**Student:** 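Structure below; questions to follow.
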Amino acid sequence: METESEPYVRLASLRQLHQVMADMNTARSLADTLQTVADGAVHALGYELACVNLVRPDGDLVVAAFAGNPAAEALITGRVGSREAWDRRLGMGERWGDLVFIPHTEGWVLDDDDVPQWYTDGPAPRFADEWHPADRLFAPMYAPGPHGGRSSGELIGVLSVDRPRNGRHPGAWGREALQMYAFQAAIAISNARLRANMQRALVRLEREQQALRASEESFRQAFEYAPSGMAIAEMGGEQHGRILRTNDALCRLLGRPASAMRRYSFSDLVHPEDIGTLLRTSAEGGRAELRLGRRDGSYVWVSLRNSVVADAADGPRFLLTHVEDIEERKRRELQLAHRASHDSLTGLPNSAELRARLSARLCTRPPAGQPTAVDAMDAAWSHPVADSGGHPFDFPAGADPYDAYDHHVHAVAPEGDRDDGTKGLAVLFCDLDGFKSINDRFGHNAGDAVLIEVARRLSNGVRDGDTVARLGGDEFVILADGLGRADAQDLAVRLRNEIIQPIRAEGRAVRVGASFGIGWAHCGMTADEVLKSADERMYVEKRSRPKQHRRAG
């Protein structure tokens, strides 16, 4: 092209230029595109040397491609020039449209900057437009701007060319061709960068998808093969808590197939007494210990722990519930609690449990007209009123402290020795007669057998809901609510008749008697006061009976 007279340009030269531009836009990678730009400037535009300086993310320019001289290519490819030095170069010299030409007469000031370059010396030009070895010609490459202008976008690089093959400064056609080439090169480089970014994004997306698939598979295996129960349930909406998926461990624990589990929510499976516990702990991070129903109708103690899992960034949220079998631990805890509150020999509630149950039925305010060991009315005003567990009630300013008992059913006692129809909380204090002689004659094993059998007969002789407790030694106490005076006396007679029947102990039949004292519990009394009252009545009853009727046979 450089040998042709302007404005006459051979069609072959235009075809060659068109082919180079086509090659720039079909290169496979950004590196190939940059090298094609440099090669095209040499082969299609007629320059001996061409260099593509690409703007890096930090703003400096790196020599990304070189064509025309292998020695110079090895010397400067990959080297970096500062953006400050490049801005100085592009701001000086002569403006040929978008091109920048710095003649050798001015370029000497750039010899010591940090821009990578090749340099050769030579004689002064023999004619006006002769190319000097120190002349510099730059074609800035701008990304296409919003208005489509050549230089309206961001600078993405600079194409440097040197030594036109005709030895002359490019004319109007050569300058226009270089500008057009730089503009098309900028488009090709921008597209190559976009393709490279898209390829990197696709690779990154594929890796993320592979990682997601691996994570999902890991979660699936961890979920399915977890040694403890796992479930996924809906969160929010009308079907909050409905089970969507369960693992084998949970299905085995509850004896229900996975297909059946999807018909339930945890509220359908939980023990009725534990519904409140489930509702209080259904949020994220909530923990609960409750009972879940098995297929056979039994219940198993489990520990539930919830976590919230999102399906996507803003997608639906689910509850991931970890279900751990704690039946054995609960059984041990209940056994320990039972041992602490029950007699180890007879299995009956012990003294502490008896007092706790009795205190739970009483309050500190006596019903109107009932006698008490303390003046509860005055105490209520001068001291904080407490519930049966000893916890004080809080009253608003000006409130009557007795209002705390508005919802409490007071325990009352029949008045006088005759049955007036009043139903109260009867406390029957039972002491065995002749028990010491059995221990002395036949040993403690025989005595223990007697105590166990007496406990069984007392338990069988009372109603469901009544309490039979062993106070200690050969003393027993029965709490029976809702009895009149005649009812309590009849109960004492029936229980005494059961106790005096022969008992097999250590291979022989023995007998013990029983003395009963009937006391009445009413609000305003303490548990110890109630037991003391019944105990005193029992001793009155014991002393009033003939000695032969109290002796064991």
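Note that the coordinates shown come from a computational prediction; the quantities given were computed from them, not determined experimentally.
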**Student:** Give a yes or no on whether the backbone of Asn25 and the side-chain of Asn191 come within a donor-acceptor separation of less than 3.5 Å.
**Tutor:**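 Here the side-chain-to-backbone pair does not exist.
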
**Student:** Test side chain to side chain contact (heavy atoms under 4.5 Å, CB included) on Arg89 and Gln117; report intermediate values, then the result.
**Tutor:** CA-CA 12 Å; Arg89 287 178 176 234; Gln117 60 185 352; 3.0 Å; yes

**Student:** Taking NZ, NE, NH1 and NH2 as the nitrogens, is one of them in Glu289 or Arg329 under 4.0 Å from a carboxylate oxygen of the other?
**Tutor:**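 Yes, this pair counts.
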
**Student:** Mark yes or no for whether Glu206, through its side chain, and Leu202, through its backbone, hold a donor-acceptor pair below 3.5 Å.
**Tutor:**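 Pair absent, no side-chain N/O of Glu206 close to backbone of Leu202.
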
**Student:** Pairing donors with acceptors under 3.5 angstrom, does anything connect the side chains of Ser228 and Asp325?
**Tutor:**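 Their side chains do not contain a donor-acceptor pair, so the 3.5 Å distance test is not met.
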
**Student:** Atom CZ in Phe66, atom OG in Ser160: separation rounded to 0.5 Å?
**Tutor:**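 Going from CZ on Phe66 over to OG on Ser160, the span is 9.0 Å.
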
**Student:** Tell me whether Arg165 contacts the main-chain N or O of Val42 through its side chain, where contact means a donor paired with an acceptor under 3.5 Å.
**Tutor:**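 Between the backbone of Val42 and the side chain of Arg165 there is a qualifying donor-acceptor contact (under 3.5 Å).
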
**Student:** Using only atom types and a distance under 3.5 Å, with no angle test, would you say the side chain of Arg175 pairs donor to acceptor with the backbone of Pro170?
**Tutor:**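 A pair under 3.5 Å: yes.
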
**Student:** How close do Pro140 and Ala182 get, heavy atom to heavy atom, and via which atoms?
**Tutor:**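 Of all heavy-atom pairs spanning Pro140 and Ala182, the closest is O-CB, 4.0 Å.
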
**Student:** With under 30° as parallel and over 60° as perpendicular, where do the rings of Trp96 and His169 fit, or are they tilted in between?
**Tutor:**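 Correct class here is tilted.
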
**Student:** Does either side chain, that of Asp114 or that of Ser82, offer a donor lying less than 3.5 Å from an acceptor on the other one?
**Tutor:**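 Present: a donor and an acceptor within the cut-off.
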
**Student:** Yes or no on side chain to side chain contact (heavy atoms under 4.5 Å, CB included) for Met261 and Leu254, after CA distance, side-chain angles and deciding distance?
**Tutor:** CA-CA 9 Å; Met261 288 291 291; Leu254 300 183; 3.9 Å; yes

**Student:** Where is the tightest heavy-atom contact between Ser341 and Glu353, given as atom of each residue plus distance?
**Tutor:**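 Minimum heavy-atom separation between Ser341 and Glu353: O-CB, 3.1 Å.
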
**Student:** Looking at every non-hydrogen atom in both residues, tell me the closest pair between Met92 and Val100 and how far apart they are.
**Tutor:**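 That closest heavy-atom pairing would be O-CG1, 3.4 Å.
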
**Student:** If you measure from the Lys or Arg side-chain nitrogens to the Asp or Glu carboxylate oxygens, is any gap between Arg245 and Glu224 under 4.0 Å?
**Tutor:**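 So Arg245 pairs with Glu224 through a salt bridge.
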
**Student:** Using modelled atom types only, decide if a donor and an acceptor are shared between the side chain of Asp87 and the backbone of Glu84 within a distance under 3.5 Å.
**Tutor:**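 Absent.
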
**Student:** Run the salt-bridge test on Glu327 and Arg331 with the 4.0 Å N-O cut-off and return the result as yes or no.
**Tutor:**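 Arg331 and Glu327: salt-bridged.
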
**Student:** Would Asp58 and Arg56 pass as an ion pair if we require N to O under 4.0 Å?
**Tutor:**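 Salt bridge present between Asp58 and Arg56.
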
**Student:** Do we get Arg256 above Tyr264's six-membered ring, with its NZ or CZ under 6.0 Å from the centre and within 45° of the axis?
**Tutor:**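 Flagged: Arg256 positioned over aromatic ring of Tyr264.
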
**Student:** Please name the pair of heavy atoms, one in Met141 and one in Val158, separated by the smallest distance, quoted to 0.1 Å.
**Tutor:**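 Met141 and Val158 have their closest heavy atoms at CE-N, 3.8 Å.
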
**Student:** State, to 0.1 Å, how close Leu178 and Ala139 come at their nearest heavy-atom pair, and which atoms those are.
**Tutor:**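 The answer is CG-CB, 4.1 Å.
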
**Student:** Can Val37 and Gln184 be said to form a side chain to side chain contact (heavy atoms under 4.5 Å, CB included), step by step?
**Tutor:** CA-CA 9 Å; Val37 171; Gln184 294 298 324; over 6 Å; no

**Student:** Under a 3.5 Å threshold, yes or no: a donor from one side chain and an acceptor from the other, between Thr467 and Arg357?
**Tutor:**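 Short answer, yes.
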
**Student:** Say whether, by atom type as modelled, one donor and one acceptor occur between the side chain of Asn197 and the main chain of Arg193 under 3.5 angstrom.
**Tutor:**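 Indeed, once roles are kept as given, a pair shorter than 3.5 Å links the two residues.
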
**Student:** I'd like to know if the side chain of Ser265 pairs up with that of Asp268 as donor and acceptor (distance under 3.5 Å, no hydrogens or angles considered).
**Tutor:**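 Looking only at side-chain atoms, Asp268 and Ser265 do form a donor-acceptor pair, the distance falling under 3.5 Å.
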
**Student:** For Glu73 and Asn69, does a side-chain donor sit closer than 3.5 Å to a side-chain acceptor?
**Tutor:**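 Side-chain D/A pair, Glu73 to Asn69: absent.
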
**Student:** Is a side-chain N or O of Asn247 found less than 3.5 angstrom from the main chain of Phe223, in a donor-acceptor match?
**Tutor:**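 Checked: pair present.
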
**Student:** Less than 6.0 angstrom from the centroid, inside 45 degrees of the normal: does Arg163 satisfy that with respect to the ring of Tyr47?
**Tutor:**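 So Arg163 doesn't make the cation-pi contact.
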
**Student:** Return the minimal non-hydrogen interatomic distance between Thr277 and Ala288, and the atom names on each side.
**Tutor:**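 Taking Thr277 first and Ala288 second, the nearest heavy atoms are CG2-CB, 3.9 Å.
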
**Student:** State whether Arg213 and Glu217 are salt-bridged, where the test is any N-O pair (Lys NZ or Arg NE/NH1/NH2 against Asp/Glu carboxylate O) under 4.0 Å.
**Tutor:**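 Salt bridge between Arg213 and Glu217, a charged N being under 4.0 Å from a carboxylate O: no.
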
**Student:** Any Lys/Arg nitrogen of Arg291 or Asp274 sitting under 4.0 Å from an Asp/Glu carboxylate oxygen of the other?
**Tutor:**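 Salt bridge present between Arg291 and Asp274.
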
